[in-house]
Amino acid sequence: MLDKTYNPTDVENKLYEKWEKSGAFAAHPESKENPYVIMMPPPNVTGSLHMGHALTFTLQDILVRYNRMTGKDTLWQPGTDHAGIATQMVVERQLGAQNVTRHDLGREKFVEKVWEWKEESGGTITNQLRRLGTSPDWPRERFTMDEGLSSAVRKVFVTLHKQGLIYRDKRLVNWDPKLLTAISDLEVVQKEVKGHYWHFKYPIEGREGEFITVATTRPETMLGDTAVAVHPDDERYQDLIGKYCILPIVGRRIRIVADEYADPEKGSGAVKITPAHDFNDFEVGKRHDLEKINILDDHACINDTAPEEYRGLDRFKVRDLIIARMDEFGLLEKIEDTVHMVPYGDRSNVVIEPYLTDQWFVNAEVLAKPASEAVEDGRIRFVPKNWENTYFEWMRNIQPWCISRQLWWGHRIPAWFGPDGTFFVEETEEEAIAAAKAHYGKDVELNQETDVLDTWFSSALWPFSTLGWPEQTAELGKYYPGDVLVTGFDIIFFWVARMIMMGMHFMDGQVPFRDVYIHALVRDENGQKMSKSKGNVIDPLDLISEYGCDALRMTLTALAAQGRDIKLAASRVEGYRNFATKIWNAARFCEMNECNVIDGFDPKSVKTTLNRWIVGKVAEAAKTVSGSIENYRFNDAAAGAYQFVWGTFCDWYLELAKPVFMGDDADAKAETRATAAWVFDQILLILHPVMPFITEELWAQTSEKHTGLLMAQAWPALADDLIDTGVEAEMDLALRLIGNIRGVRSEMNVPPSAEVPIYLVDATDAMKAAIAAQEAQVKRLARVAVIEFIGADRVESVAKGAIQTVVDGVPVFVSVADFIDIAAEKARLEKEIDKIGKYIKAQEGKLSNERFVSRAPEEIVAAEKAKLADARDTLTKLQEGFDRIAAM
RNA sequence: GGGCGUAUAGCUCAGUUGGUUAGAGCGCUGCCUUCACACGGCAGAGGUCACAAGUUCGAAUCUUGUUACGCCCA
């Protein structure tokens, strides 16, 4: 006997272990089945499971479990990425607690420490994924720093370099002065900050007492100014173009240039130019061949190019000193308040400096072209489609990708420098030595580049590096390209675009996946993004502990409608926990009524209307769910399954089956038991992708005939011929009749204990047959004593003490003599008459419109006419009932 | 400034090519401790589908504009 409620915590761990041990998650490269492949977006190795993970991995698991059940050879490739900056920070923080810096240890020892940390703590997220019930092929788990993946990285780097698509250049990059590394544009967050415009007067050379005024939000950069720019058409400055001014404090003679970058509308119309510390100024500098003076060191302190008094001081300290000194010189014209954008590092949260350094770049423009085309011509499909625009937008304006990072944790760039700075890019040191020897004609000392690669460089290779590339493995042949990439929109630039670029470049133009399903962001119930600082983070593991994993999964699935963010409230999870209990109790009911699974049960062969009906409904439900999953309409899949299980199977089928179980028609009883057991099995199958634990547990507990795991069973293949429209009509009629009687009883406050007789007037033969077939069920569910079919001649005799309702045009008298409340009944009928009257009016209007009749399709017109006739019929009957009551 | 998106019941949201008397869950009201389930059952209230104009026989659905809000990029 099953327990009274489902207890998720008891079963989840046990079942997960069983699944994992069984090997049911594994892909089978040797099999002949068609593959279904999802590359799991590798979570950050330092990460722990948050709601976004819970959503994305639930959806992926649904796709994977569903496709596995349909018989495909399914590979869900798991793994983590090494998260260069984040991981290095974690380990540095640990060392910091013991007052040790990474420099104390040295590079080699430090990297060893990171590996130690990874071995101990790196499994957190993958263990949490197990709690979510995910079913990836764990033995294939990969890490971006694995030897295999690292050799793929080296190969890609060297190849791209030899193709001229990776190059070394001195350019402005976003420099993080806290983490002491370059970061990519995407890792910079622009924040709106209240600041000031300081207006400085620069004296004009050779014109005593004349000045040109420039405004700046970053006064300290004036130490690196090498020009002042004005707009070429700006009449105020025509005579100054080509002249020089003297940079105060520094004393440098700098040119006044004409450049369209200067905006005459802004400030004074003149702008100071600091090519080494501003991206726009850098471009201006290139146009006018200006000197680039770098005034900062790695820590964003002022370096030795500046006057002595500022050297070694922090940039913001120097800002204050410069302002004070300018004021002292009488060169500070005014200070304006302003709001402007300031770049911050998304990891370090310090102000990022544009900084002139030697870095490695990928020429992304070349790689972006085929990657764009693949989406344009439909080889890759974004779902929902509108995300294509986001993708194109970025691809069209793509910038060189700075891939070098001044970190110790990551893939060290395979470039070796000779004594004169010439470098040799090779996959191994031996090859580099050989290349150097060929170049210099002798052995020289080589030093490997100290920089490592951006983490995204290695994750861009994920769709093929995990399959063994550059080796031509069986896996690579079978599982590339994958079927779908499932991820959030925030990662389209970081990762999706780069995987497409790298995949196509290294896999003979073959795309890495066919679909990109972009899901929503999970927000809190007020629509706020969850963040630690706001304190509105909901931990998925807490929800799992409280409500069970299946409840959480079902909630996320039901809310995962395309194109809309998910606002998550715990009350929703509670609701789906209740759903799990409902399923559990339905199983219990089946068990108590000896609904045993029958070998070789054929749903097509069932005889009773009730059983034929539910069999058809199962076929419909299975189709709804599979169709929805295949179209990434997860909310429809969840709603369809929920509606069927609760609204159809529990609310109707099981209730209607009760009189059969308690009756004495042995054949009907046996058939209904067998059918109920079969339907319940189908429910377990249909729900399994979304709610794997409870379904697997019930599979184990409900029948000894259930051998093997539910997760390894085949998805229901139910033909449409199980749907019998005649039976459906018959059942619908019975359900409508029950509904109407219940409505009457409820409005008249007839107590449930009172069983009442009902009379149907002039019912058609078909109707009589249908209701006779469902007699016991109608009696039970509507608490009816007897059902009698009468002719119109007997209406007067039954009408007294009865309430009338109309079902399909047939008057139904419900004898509620003792409970009748004439006023209430009049009100009830009036309301119904009013409602249907309004409808009739609207229909008449529609049908008397000649243009509707002549232009609308014939079948629509016919349908509308039929609806009007039905409504008129019902109105007449209700009116008769009302008149009768009024006469009492 | 450019782009994308959203406005439907008290709340959170469905509503796929225009043809419904606009749905669900939660919440709310009334009744019911009926032999699976009170994490339950039955019944019910609640919406001029943001606003305005247009296309159409017909608009929550298509077009344009207005308003409000959100996100991304500059």
Side-chain angles (χ1 to χ4, degrees), chain A residues 1-2 4-6 185-186 190 341 384 386-390 392-394 397 489-490 492-493 520-521 523 525-529 547-548 551 555 558-593 595 627-628 631 633 635-636 638-640 642-643 646-647 650-651 654-655 657-658 661-662 738-739 741-753 780-783 835-836 838-840 842-843 845-857 859-861 863-864 867 870-871:
Chain A
M1 180 72 177
L2 290 167
K4 197 169 171 183
T5 52
Y6 167 58
D185 295 346
L186 299 173
Q190 301 288 339
M341 296 303 244
N386 50 294
W387 289 111
E388 285 179 0
N389 293 327
T390 305
F392 288 139
E393 171 66 17
W394 194 64
N397 302 309
F489 65 85
D490 48 338
I492 292 176
F493 307 138
L521 228 58
R523 300 170 178 279
E525 55 191 310
N526 302 314
Q528 298 286 308
K529 205 167 169 172
Y547 300 108
T555 306
L559 294 177
Q562 287 184 9
R564 193 184 266 272
D565 281 346
I566 292 179
K567 292 179 193 162
L568 186 73
S571 63
R572 290 301 296 257
V573 189
E574 191 183 340
Y576 290 109
R577 186 272 320 265
N578 297 351
F579 178 57
T581 308
K582 188 76 182 175
I583 299 165
W584 189 263
N585 278 286
R588 220 167 148 247
F589 175 80
C590 290
E591 186 184 37
M592 292 166 88
N593 286 285
C595 301
S628 300
N631 289 301
R633 303 191 64 96
N635 59 318
D636 289 343
Y642 184 96
Q643 163 57 33
W646 200 319
C650 292
D651 285 351
L654 292 184
E655 290 302 327
K658 282 176 182 174
F661 292 147
M662 284 183 290
I738 291 167
I741 299 168
R742 280 171 168 175
V744 168
R745 296 181 62 113
S746 182
E747 301 233 11
M748 291 298 119
N749 283 317
V750 179
S753 54
R780 183 189 156 86
L781 293 193
R783 315 282 303 152
K835 192 176 158 194
I836 202 143
K838 275 186 189 151
Y839 177 64
I840 288 170
Q843 284 303 98
K846 190 184 265 186
L847 285 160
S848 64
N849 181 342
E850 197 173 324
R851 286 189 302 182
F852 171 72
V853 181
S854 59
R855 296 198 199 185
E859 64 271 22
I860 298 283
V861 177
E864 296 300 316
K867 281 194 236 167
D870 285 353

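In what follows, chains are A, B, ... by sequence order, proteins preceding strands, each numbered from 1.
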Nucleotide forming a Watson-Crick or wobble pair with B:G10, both distances under 3.5 Å: B:C26
Closest listed nucleotide, where the reference is the side chain of A:R572 and the choices are B:U21, B:C37, B:G25: B:G25
Whether A:R577 side chain and A:G548 backbone form a donor-acceptor pair below 3.5 Å: no
No-H, no-angle donor-acceptor pair, A:R742 side chain to B:C42 base, under 3.5 Å: no
Sugar-phosphate only, base, or nothing, as touched by A:K4 at under 4.0 Å among non-hydrogen atoms: sugar-phosphate
Phosphate OP1/OP2 of B:G15 contacted by A:R633 side-chain N/O (<4.0 Å): yes
Sugar-phosphate only, base, or nothing, as touched by A:P857 at under 4.0 Å among non-hydrogen atoms: base
Contact under 4.0 Å: A:Q643 side-chain N or O vs B:A24 OP1/OP2: no
Separation of B:A38 P from A:E574 CD (nearest whole Å): 14 Å
A:N578 side-chain N/O to B:G40 phosphate OP1/OP2 under 4.0 Å: yes
Value in whole Å for how far the P atom of B:U48 lies from NZ of A:K838: 13 Å
Counter-base of B:G1, judged by Watson-Crick or G-U geometry with both distances under 3.5 Å: B:C73
Touch class at under 4.0 angstrom, heavy-atom based, for A:R783 against every strand present: nothing
Base paired to B:U66 (Watson-Crick or G-U; both N/O distances under 3.5 angstrom): B:A50
Watson-Crick or G-U wobble mate for B:U55, both contacts under 3.5 Å: none
Below 4.0 Å: OP1/OP2 of B:G41 and any side-chain N or O of A:K582: yes
Identity of whatever pairs with B:G40 - Watson-Crick or G-U, under 3.5 angstrom: B:C32
Under-4.0 Å side-chain N/O to phosphate OP1/OP2 contact, A:W646 with B:G41: yes
